[in-house]
Amino acid sequence: AISGRGSSIVLDERKARRRAAVDAKNVAVISTLRLMLTSGYRQAWSIQKVHDLVSAARQNSRMGVPKEDISLLEKLLNS
């Protein structure tokens, strides 16, 4: 069970995201890509560094990107 005020969870798998939306309505669900983009922004990383980290995660860890975040990925990879 997941509960708590101000809680969040990072999920990329479609089934898990759908399940969390139903079972844990008070929990913010974000993707790994959004976590990496937000971290990069807050740490003032260069776009190239974020690009390299996301590319490595996709290649080496098979990081998935939810369909609602595909446009973010495309913008990053084309920058």
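What you see is a predicted model, and the numbers here were worked out from it, not measured in a lab.
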Query raised in the report: In chain order, what residues pass the side chain to side chain contact (heavy atoms under 4.5 Å, CB included) check against K49, with sequence neighbours excluded?
Result: W45, S46, L53
Query - For L72, all residues meeting side chain to side chain contact (heavy atoms under 4.5 Å, CB included), sequence neighbours excluded - result: L33, R34, L37, D69
Requested in this report: List the steps and the verdict of side-chain contact (heavy atoms from CB on, under 4.5 Å) for H51 and S55.
Outcome: CA-CA 6 Å; H51 178 282; S55 294; 3.7 Å; yes
Query raised in the report: Which pairs, with at least one residue in residues 50-68 and sequence neighbours excluded, count as a salt bridge (Lys or Arg N to Asp or Glu O under 4.0 Å)?
Result: R17-E68
Query raised in the report: side-chain hydrogen bond (donor to acceptor under 3.5 Å, both in side chains) with R19: which residues, sequence neighbours excluded?
Result: D23
Query raised in the report: In the hydrophobic clustering (ILVMFWY, side-chain contacts below 4.5 Å, transitive), which residues join L35, or is it alone?
Result: V10, I30
Query raised in the report: What are the two closest heavy atoms between L11 and P66, and how far apart are they?
Result: O-CG, 4.4 Å
Query raised in the report: Got a sec, which residues hit side chain to side chain contact (heavy atoms under 4.5 Å, CB included) with A28, two or more places apart in sequence or on another chain?
Result: S8
**Report entry** Enclosure of I47 CD1 (heavy-atom neighbours >12, cutoff 6.0 Å)
**Finding:** no
Report task. Using the test side chain to side chain contact (heavy atoms under 4.5 Å, CB included), find all partners of A57 that sit at least two apart in sequence or belong to another chain. Result -> M36, M63
